[in-house]
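Because the structure is a prediction, the values reported are computed rather than measured.
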Amino acid sequence: MKTPKTNSSCRNRCSFLLLCLTALLVGCGQIVPGEDAEQSDELPQIYPDYVGVTVPLDIAPLNFSMLSDSVSAIDVEVTGGKGGSMHVNGESAEFDVDEWHRLLAANRGDSLSVSVCARRDGRWTRYRDFCIYVSNDSIGAWGITYRRIAPGYEMFGPMSLYQRCLSTFDEKPLVENSWSMGTCVNCHTANATNPDQYVFHARADHGGTIIRNSKGGTIGDELEVLQSKNDSLGGAMVYPYWHPDGRFIAFSTNKTSQMFHLSNKKRIEVYDSSSDVFVYDTENHVIVQDTLIMKRLWAENTPAFSADGQWLYFTTARRQVYPTDYDKERYSLCRVAFDASTGSIGQTVDTLVNTRLTGKSATWPRPSYDNRYVMYTQVNYGYFSIWHPEADLWLLDLLTGETRPLDEVNTERAESLHSWSANSHWFLFTSRRDDGLFTRVYFASIDEHGRATKPFMLPQRDPKGYYRLLLDSYNTPDFCLRPVTTDTRSVVSRLQSSERMVTTVTRGN
């Protein structure tokens with residue numbers, strides 16, 4: 001009977017692996033930092049920049065890489081102020097999702113200390129530790145929705161509306177325009193982050209305004225499709241915002257044009273030759289118009305209801321001669337009372353931010369859901385802020401009437417398209433700060449004094465690889481309480497049919 005050679009074979013394989021490991025250590029330097037690692041007083045230059053940020057309890061892992069491509073490996077240890085730790089080693093810092101969430105939960109209201117060592121040219125450098133602060137508050141949302149769109153101007157191509165879970169890296173399309181015969185899809189807008197009530201637009205030959213207002217039936221039965229343009233309005237129905245009771249939706253109707261700069265840091269200008277604000281009643285299927293917010297010589301735009309439903313915010317500017325005087329158009333931020341019991345507009349317009357005093361233009365008002373603030377974007381002129389490098393976020397305190405720039409989050413590049421979480425502790429916005437070309441999504445929190453924390457970029461599993469390869473911009477992002485349920489067949493069928501709701505127009509004052 002032959003003697004088995006298993007033990008000898010295992011020893012030979014182990015010896016071979018040990019020789020390979022020794023050769024790797026000798027030829028390429030240590031794969032883990034040793035006592036001889038060079039000490040640096042500098043903070044590590046990481047991508048994305050998560051140094052000193054404040055994060056909610058339920059955010060996905062803040063994976064990162066060293067900013068420099070010359071770094072071949074990093075070694076990262078994360079230690080909680082209340083206990084617990086994580087250790088990763090490799091080309092980048094990629095944390096286990098479950099371990100990450102356990103560490104955040106254990107250090108609620110405290111901080112994480114992050115120690116980074118990086119290897120360059122076979123030598124390790126140990127950088128100064130930095131903190132990530134863990135908020136007491138959750139983000140108040142399951143995820144976010146957004147459109148991803150290529151930065152083209154002349155015509156639209158492939159584009160989709162997406163939803164993304166914020167506690168993981170899962171992303172899935174809601175609507176792709178390849179499903180709807182290549183139409184342009186945009187502006188997915190939920191009612192106070194409620195995924196059961198939403199509206200979005202599809203343009204071109206099979207266009208329409210799709211409204212879902214859940215009443216417990218099937219998705220197909222809950223869909224209403226409006227004409228994308230209404231002759232009585234004189235333009236398309238755009239920039240929707242829901243009334244909190246779910247019955248009314250405010251829109252603006254805009255005749256939009258674009259032009260291009262020959263020599264300017266700005267690439268494109270978007271302006272409206274005319275625009276008005278109106279309200280759509282989803283129960284009676286009528287448009288509520290009022291001359292107070294549809295003035296002939298003024299351009300009303302970007303409406304938004306207050307969280308209690310008692311106010312309709314909007315911006316308004318004196319109409320100019322277009323396109324020659326496009327840069328003289330400046331919007332003030334206003335509001336008017338709204339009576340949901342009658343669906344009627346009030347009698348007086350209040351001006352909250354007056355362009356005659358600021359010399360600037362206010363756009364995209366977004367009230368917080370606790371009725372404390374209105375966040376808006378300020379630009380030199382116009383309203384289409386994503387193409388304005390000077391665009392900054394501003395915060396209006398409704399209790400004091402004071403308004404100020406959010407210097408804590410603003411940069412020299414465009415910040416815009418912001419939204420609040422349902423608990424009003426967090427907000428998101430888009431910015432071109434990363435590379436000056438593409439808009440990315442960032443998050444920050446607001447404390448009890450109205451001060452914002454340092455913003456952080458939407459986490460990805462491999463952020464450097466992901467964002468370098470992503471040739472899309474994020475557009476109109478918003479929070480979402482739960483995953484959005486869609487019936488693709490119903491949506492496409494309704495878009496491809498000739499059935500459209502013909503709205504009746506009622507005139508107010």
Side-chain angles (χ1 to χ4, degrees), residues 149-156 184 186-187 201 203-204 228-239 251-278 289 291-303 313-334 349 351-365 376-394 405 412-417 430 432 436-437 439 473 475-476:
I149 182 172
Y153 319 118
E154 294 84 0
M155 59 185 299
F156 59 81
C184 174
N186 61 4
C187 295
H201 302 289
R203 296 179 181 172
S228 58
K229 291 186 178 182
N230 188 296
D231 292 339
S232 63
L233 295 174
M237 299 169 61
V238 295
Y239 309 142
F251 290 90
S252 62
T253 175
N254 303 53
K255 289 185 177 180
T256 303
S257 300
Q258 63 181 7
M259 60 184 181
F260 302 90
H261 292 282
L262 294 178
S263 58
N264 195 308
K265 290 190 298 183
K266 300 173 183 176
R267 301 179 181 180
I268 186 174
E269 289 295 341
V270 178
Y271 65 92
D272 295 331
S273 57
S274 66
S275 64
D276 290 300
V277 167
F278 66 94
Q289 292 181 307
T291 54
L292 199 63
I293 53 175
M294 302 185 80
K295 294 182 178 179
R296 186 173 62 87
L297 298 179
W298 291 79
E300 294 84 13
N301 216 338
T302 59
Y313 295 93
F314 63 97
T315 57
T316 182
R318 183 80 177 183
R319 291 179 60 185
Q320 303 296 319
V321 177
Y322 305 100
T324 55
D325 294 338
Y326 71 94
D327 56 352
K328 295 179 181 178
E329 184 181 65
R330 291 177 175 83
Y331 288 82
S332 295
L333 173 58
C334 301
V349 172
T351 301
L352 304 177
V353 179
N354 195 327
T355 184
R356 293 181 180 177
L357 300 178
T358 66
K360 303 290 184 178
S361 189
T363 182
W364 307 115
Y376 64 97
T377 301
Q378 182 170 280
V379 291
N380 289 342
Y381 60 87
Y383 79 98
F384 214 81
S385 52
I386 60 173
W387 296 115
H388 285 239
E390 81 280 4
D392 282 335
L393 298 182
W394 282 62
E412 294 181 355
R413 292 173 174 168
E415 278 78 42
S416 186
L417 299 177
T430 64
R432 297 186 189 275
L437 298 174
T439 53
S473 282
N475 186 252
T476 60

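When only modelled atom types and interatomic distance are considered, Y383 and Y239 share a side-chain donor-acceptor pair under 3.5 Å.
Residue pairs meeting the salt bridge (Lys or Arg N to Asp or Glu O under 4.0 Å) criterion with at least one member in residues 378-392, sequence neighbours excluded: K266-E390.
Contact record, W298 with D276: O-OD1, 4.4 Å, taken as the closest heavy-atom pair. When every heavy atom of Y331 is checked against every heavy atom of G382, the shortest pair comes out as CD1-O, 3.5 Å. Closest heavy-atom contact between P323 and Y271: CB-OH, 3.3 Å. Heavy atoms only, all atoms of each residue included: W364 and S416 are closest at CD1-OG, 3.7 Å.
Atom CE in M294 sits 4.0 Å away from atom CD in Q289 (nearest 0.5 Å). The CD1 atom of I293 sits 10.5 Å away from atom OG1 of T316, with the distance rounded to the nearest 0.5 Å. Here CG of L393 is found 11.0 Å from CD of Q378. Values are rounded to the nearest 0.5 Å. Rounded to the nearest 0.5 Å, atoms CG (D272) and CZ (F384) are 9.0 Å apart. Put simply, CG on L333 and OG1 on T377 are 11.0 Å apart, with the number rounded to the nearest 0.5 Å.
With sequence neighbours excluded, the residues that form a salt bridge (charged side-chain N to carboxylate O under 4.0 Å, His left out) with D325 are K328. Residues forming a ring-ring contact (aromatic ring centres under 6.0 Å, His included) with F314 (at least two apart in sequence, or on another chain): none. Every residue two or more places apart in sequence or in another chain was checked for a ring-ring contact (aromatic ring centres under 6.0 Å, His included) with Y313, and none qualifies. In this structure, the side chain to side chain donor-acceptor pair (under 3.5 Å) partners of T302, at least two apart in sequence or on a different chain, are T315. Listed by chain and residue number, I386, W387, R413, T439, S473 satisfy the side-chain contact (heavy atoms from CB on, under 4.5 Å) test with R432 (two or more places apart in sequence, or in another chain).
In this structure, the ring of F278 has its center less than 6.0 angstrom from the ring center of F251.
At least one side-chain heavy atom of S274 sits under 4.5 Å from a side-chain heavy atom of R319. Between T358 and W394, the closest side-chain pair of non-hydrogen atoms is not below 4.5 Å. Side-chain contact between H388 and Y381 is present, with at least one heavy-atom pair separated by less than 4.5 Å.
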Intermediate values then yes/no, side chain to side chain contact (heavy atoms under 4.5 Å, CB included), N301 and T363: CA-CA 8 Å; N301 216 338; T363 182; over 6 Å; no

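The closest donor-acceptor contact from the side chain of R330 to the backbone of N380 lies under 3.5 Å. Judged by distance alone, the side chain of S275 and the main-chain N or O of E300 form a donor-acceptor pair under 3.5 Å. With hydrogens and angles ignored, the 3.5 Å screen pairs no side-chain donor or acceptor of T355 with any backbone N or O of S332. With Q320 contributing its side chain and R318 its backbone, the two residues share a donor-acceptor pair below 3.5 Å.
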